[in-house]
Each structure stands twice: as C-alpha cells, then as structure tokens.
Amino acid sequence: MSNNVEQWSSKLAFILAAAGSAIGLGAIWKFPYVAGTSGGGIFFLIFILFTVLVGLPLLLGEFIIGRSTQKDAIQSYKQIAPNSLWHNIGRLGIITCFILLSFYSVVGGWILIYIFKGITGELSGLTEQQYSELFNQSISNPSMTIFAQLLFMAITIFIVSKGVSNGIEKASQFMMPALFILFIVLIIRSVTLDGAMEGIIFFLKPDFSNITSETILYAMGQSFFALSVGVSVMVTYSSYLSKKENLPQSAISIVVLNLLVALLAGLAIFPAVFSFDLAPDAGPVLLFNVLPTVFNQMPFGMFFLIAFLLLFLFATLTSAFSMLEIIVAPLAKGNEAKRKKFSWIIGLCIFIFGIPSTLSYGVLSDVLIFDKSIFDAADFLVSNILMPLGALFIALFVPAKISKEMLFHEVTQGSKLSKKVFACWYFLLKYIAPIVIIVVFLDVLGIL
C-alpha cells in the first residue's frame with residue numbers, strides 16, 4: 001500500500017473516530033453482561049487495572065507502528081521488520097476482525113430489529129417478563145435475524161466502500177457527545193429507582209471473594225476488546241494521523257473515554273437490574289431486556305429508547321467500519337475501484353460466516369462447542385484467545401524491532417513527554433504486558 005493520502009482533520013476527529021471504533025458493543029453491550037457474570041465490582045477494578053497498565057501501553061505501541069510507517073496493518077510490520085515473520089501480527093489481526101465482525105454483526109442486527117419494533121410501538125408498555133419473552137422470540141426467529149444481520153453488514157460495507165474517514169469523522173463529532181448525554185439521562189432514571197443502591201454496590205464495591213482465574217482472563221479480554229487493541233485496528237487508524245499530533249495524549253484520551261463509558265454503562269444497567277429483580281448474570285441479553293424496562297418507566301420513554309438505540313447503532317457501526325477497514329485496506333492498496341470490490345466481497349463472506357452465530361439462539365441452539373453456543377464460542381475465541389495473543393505479539397514486537405531512540409522520537413513528536421514517563425511506558429510494554437498476558441493464559445490453561 002502506498003503512503004496514505006487521507007488524514008484526520010484534527011486530533012479531536014481522530015480521538016472521536018478511534019473512540020467510536022473502541023466504544024461500541026465492547027463498552028455498551030458487552031461490558032455490563034461480562035461484569036455481571038464475573039463478579040461485578042471486583043471485575044470492574046481488575047478491568048481498570050488491565051486497561052491502564054496493559055491496554056494503554058499497547059494502544060500507544062499500535063499508534064507508533066501506524067503513524068511512523070503511514071501504512072496498513074500488514075505493510076506497517078513489513079516496513080519495520082522486512083524479511084521476517086512479524087507481519088503475521090497484521091494477518092492475525094485481520095483473521096480476528098473477520099471472526100469478530102461475524103458475530104458482532106449479529107448484535108448489530110438485533111439493534112436494528114429493536115429500532116423497528118420501537119418505531120412500530122411493539123416495545124411500549126410491556127412488563128420485564130414480556131420484554132424477556134419478546135427478545136427470546138426475536139433472536140430465535142431465523143429469517144428476521146439473518147435479514148437484520150445482512151442489513152447491518154450492508155450498511156457497513158456501503159460506508160467502507162466509499163472510504164470511511166469523512167463519514168466516521170463527521171458523524172462521530174455529533175453522535176458520540178449525544179450518546180453521553182442520553183447515557184446521563186438514563187443513569188439519572190436508573191439510580192432513582194427503588195432498590196437501585198443494591199445495584200450500585202454490586203457494580204462499584206469490589207468483593208475479593210469473587211476473584212477467579214476466569215474473572216481475571218475476562219477482565220483482560222474485555223480491556224483489549226474495549227480498546228480495540230491486539231488486532232492492529234489502531235495501527236490502521238493511526239496511519240492516517242499527522243506527525244504533529246500528540247500520541248500519548250490521544251491514547252490517554254481514548255482510555256479515559258472508554259473507562260467513562262464502561263462506568264456509565266454499569267451505572268445505567270445494574271441499578272435497574274437490581275431494582276426490577278433481574279439476574280445481573282443474564283448474559284448477552286441483559287441490555288435488550290433491561291433498557292426497555294427502564295425507559296418504559298420514564299415520560300416519553302419510547303422516544304428516548306429509540307433515540308438511544310439509534311445512537312447505540314451508530315456506536316456499533318463505527319466499530320464495524322474499523323473492523324472491515326483493516327481487512328479491506330491491505331487488499332485495496334489505495335485503489336478506489338478495488339476498495340469497492342473487496343468491501344463487498346469480504347463483507348458478504350463475513351455475513352455468510354456469521355450465519356451460524358445468528359442461528360445459535362434459534363435452530364442451532366443445541367449445537368455446542370466446548371459447552372458454549374456458536375455465538376459464545378466465537379466471542380470467547382476472539383476476546384480471550386486471539387486478542388490477547390495479538391496483544392502479546394505487539395508487546396514483544398515494538399521493543400524488539402523499533403529502537404528505543406526511535407520510540408522516544410515517535411512518542412515525543414508532537415508531545416512534551418518526559419524521559420521518566422517514557423521509561424515507565426517502555427517498562428510496562430516490554431516487561432509487564434507480556435508477563436501479565438502469559439501468566440493469565442497459563443493459569444486459565446491450568447498449567448500454573
């Protein structure tokens with residue numbers, strides 16, 4: 001791929017687009033249910049530690065790879081380490097994003113179904129039990145879910161085929177702030193419900209007796225998932241960055257936004273879960289059962305629910321754009337005609353690959369892989385195996401193949417980072433990140 005000609009118009013545009021890539025299903029949909037199934041407050045605490053001590057150094061590492069080379073996820077590694085196997089990190093990222101988007105688009109389809117049901121009035125005035133039944137009926141309907149998944153992928157393909165930076169950039173500047181405002185409205189309602197305090201305590205008070213090796217693995221996987229690290233998406237996005245931008249500041253801004261959204265999502269969901277006596281460990285369905293129940297208690301609740309679902313759809317799409325972009329960019333090589341062709345070919349392949357995940361709550365519900373549904377198995381493979389592996393390789397690659405002087409030059413270009421802070425980042429990336437990832441892996445495999 002030739003050097004990228006496209007660039008973000010400003011640092012804010014990049015931060016919002018990168019945050020849009022990261023803040024999607026990871027923070028809004030996945031975080032509450034993973035926290036609910038993994039111990040609540042203790043999970044949130046471990047998640048914060050992983051995000052700051054491992055996720056942030058890795059994110060900055062990916063930024064350096066992308067901006068220094070101005071190339072896509074495969075060519076960037078080839079430029080830094082020619083005639084080696086390191087470029088396979090980019091290939092691993094592409095495979096991971098392919099699988100990730102195949103089940104991610106299933107949830108994107110669920111959001112589209114709910115937007116339609118909200119507009120037609122099917123979501124108004126139901127009890128929490130009826131919302132649960134409606135959701136189960138919706139996701140087990142094969143024709144409805146497959147069509148919705150196809151529609152979600154078609155929107156994603158269409159935008160990526162046009163080139164994403166203008167569309168994502170402009171939309172992100174309006175949609176991301178609007179999402180925060182709606183979250184705050186939802187939280188105010190959620191925390192004022194009867195019994196809400198129990199949910200706040202569950203989410204914010206760590207119970208150390210709930211720590212298991214799985215809780216730690218899920219917290220690490222979620223921190224990578226929420227920041228989009230380990231799959232080289234941020235290599236691709238940062239390749240569109242000007243050399244003048246402050247990389248450490250951008251990385252910190254994205255981490256802070258992610259942690260804030262995770263906090264908001266937890267405060268919106270868990271007080272309502274406990275108020276309506278629902279199970280916090282209900283899994284992926286949590287958001288679709290709880291949110292309509294909460295909105296139903298508010299004046300103009302359906303209007304706010306539809307608005308929230310539309311914004312949730314946007315956050316989901318911005319993540320989907322980045323996943324498809326990382327796969328298309330190395331094939332398109334800057335050629336507009338190739339971009340269109342490969343966007344549609346790859347996007348439709350992802351859709352077909354994702355059909356078993358779509359059907360795993362319906363006709364394929366009896367098909368289990370290691371005691372998990374097809375959807376859950378794909379999610380586990382990506383979040384807890386492929387993403388940590390990719391993150392481990394990136395943590396090894398950056399200090400091994402880029403000189404310390406070059407790293408310092410890249411990090412301080414556009415920033416005034418002190419040598420002490422740089423040394424701390426370098427230590428975390430070179431020593432702490434790989435050790436933590438390996439130890440958690442070995443523990444889960446039962447080797448430790």
- Do S238 side-chain atoms and V235 backbone N/O form a donor-acceptor pair below 3.5 Å? yes
- Task: Please name the pair of heavy atoms, one in I46 and one in A219, separated by the smallest distance, quoted to 0.1 Å.
- Result: CG2-CB, 3.6 Å
- So, S239 and Q70: side-chain donor and acceptor under 3.5 Å apart, yes or no? no
- Query: What are the two closest non-hydrogen atoms of D207 and S209, and how far apart are they?
  - Reply: OD1-OG, 2.6 Å
- Pair E133-Q137, side-chain hydrogen bond (donor to acceptor under 3.5 Å, both in side chains): steps then yes or no: CA-CA 6 Å; E133 287 167 7; Q137 284 168 10; 5.3 Å; no
- Task: Might you point out which heavy atoms bring T215 and S38 nearest each other, and give the distance in Å?
- Result: CG2-O, 3.2 Å
- Message: So does F380 get a backbone contact from the side chain of S383, meaning a donor-acceptor N/O pair under 3.5 Å?
- Response: no
- Note on the structure: Distance col, row L305:CG vs K117:NZ, nearest 0.5 angstrom, shows 13.0 Å
- Message: Contact between L247 and L241 at the side-chain level, heavy atoms closer than 4.5 Å - yes or no?
- Response: yes
- Message: So does I65 get a backbone contact from the side chain of T69, meaning a donor-acceptor N/O pair under 3.5 Å?
- Response: yes
- L126 backbone acceptor or donor facing N296 side chain under 3.5 Å: yes
- Note on the structure: OG1 of T96 to CD1 of I385, rounded to nearest 0.5 Å, is 10.5 Å
- Where do S360 and S357 land on the side-chain hydrogen bond (donor to acceptor under 3.5 Å, both in side chains) test, with the steps shown first? CA-CA 5 Å; S360 66; S357 289; 5.5 Å; no
- So do the side chains of Y361 and W110 get within less than 4.5 Å of each other, counting heavy atoms only? yes
- Could you tell me how the ring of F312 sits relative to the ring of F308: parallel (under 30°), tilted (30 to 60°) or perpendicular (over 60°)? tilted
- Query: Which pair of heavy atoms, one from I113 and one from A148, lies closest together, and at what distance?
  - Reply: CG1-CB, 3.6 Å
- Hey, are the side chains of L309 and L313 touching, using non-hydrogen atoms and a 4.5 Å cut-off? no
- Message: Strictly by salt bridge (Lys or Arg N to Asp or Glu O under 4.0 Å), give each pair with a member in residues 379-395 just once, sequence neighbours left out.
- Response: K30-D379
- Message: If I take atom CD1 from residue I89 and atom CG from residue L392, how far apart are they, to the nearest 0.5 angstrom?
- Response: 9.0 Å
- Task: Flag the pair N258 / T51 as yes when at least one side-chain heavy-atom distance between them is below 4.5 Å, and no otherwise.
- Result: no
- Within the distance-only criterion (no hydrogens, no angle test), does the side chain of E62 pair as donor or acceptor with the backbone N or O of V229 below 3.5 angstrom? no
- Calculate, to the nearest 0.5 Å, the distance between atoms CG and NE2 belonging to L92 and H87 respectively. 12.0 Å
- Message: Has N141 got a side-chain atom pairing as donor or acceptor with S138's backbone, closer than 3.5 angstrom?
- Response: no
Using a 3.5 Å cut-off and no angle test, enumerate the donor-acceptor pairs between side-chain atoms of residues 340-349 and protein atoms at least two apart in sequence or in another chain.
residue : atom : partner : partner atom : Å
S343    : OG   : R339    : O            : 2.6

- Item | Nearest non-hydrogen partners of P434 and A395, listed with the distance | CG-CB, 4.0 Å
- Message: When you measure from the side chain of S105 to the backbone of G108, do you find a donor-acceptor pair of N or O atoms at a distance under 3.5 Å?
- Response: no
- Sidechain-backbone polar pair: T127 side chain, Q130 backbone, donor-acceptor under 3.5 Å: yes
- Given Y77 and S232, is the side-chain hydrogen bond (donor to acceptor under 3.5 Å, both in side chains) satisfied, shown in steps? CA-CA 10 Å; Y77 293 102; S232 300; 2.9 Å; yes
- Task: Report yes or no: does Y104 contribute a side-chain atom to a donor-acceptor pair with the main-chain N or O of M323 at less than 3.5 Å?
- Result: no
- Message: If you count every heavy atom of other residues, nucleotides or ligands that lies below 6.0 Å from F397 atom CZ, does the total exceed 12?
- Response: yes
- Would you indicate whether the side-chain heavy atoms of V107 and T316 approach each other to under 4.5 Å? no
Please set out all donor-acceptor pairs under 3.5 angstrom arising from side-chain atoms of residues 178-206, sequence neighbours excluded.
residue : atom : partner : partner atom : Å
R189    : NH1  : T192    : OG1          : 3.4
S190    : OG   : A268    : O            : 2.8
S190    : OG   : A272    : N            : 3.3
T192    : OG1  : I188    : O            : 2.9
T192    : OG1  : R189    : O            : 2.9

- Backbone N or O of F152 within a donor-acceptor pair of the T156 side chain at under 3.5 Å? yes
- Task: Taking all non-hydrogen atoms of both residues into account, name the closest pair between L101 and A320 and its distance.
- Result: CD1-CB, 3.7 Å
- Query: Between I74 and N88, is any pair of side-chain heavy atoms under 4.5 Å apart?
  - Reply: no
- Item | Ring geometry between Y114 and F288 (parallel below 30°, tilted from 30 to 60°, perpendicular above 60°) | perpendicular
- Message: Parallel, tilted or perpendicular: which one describes the rings of F44 and F47, with boundaries at 30° and 60°?
- Response: parallel
- Interatomic spacing from OG in S76 to CH2 in W86 - rounded to 0.5 Å: 13.5 Å
- Test item: T358 and F351 side chains (from C-beta on) under 4.5 Å apart, heavy atoms: no
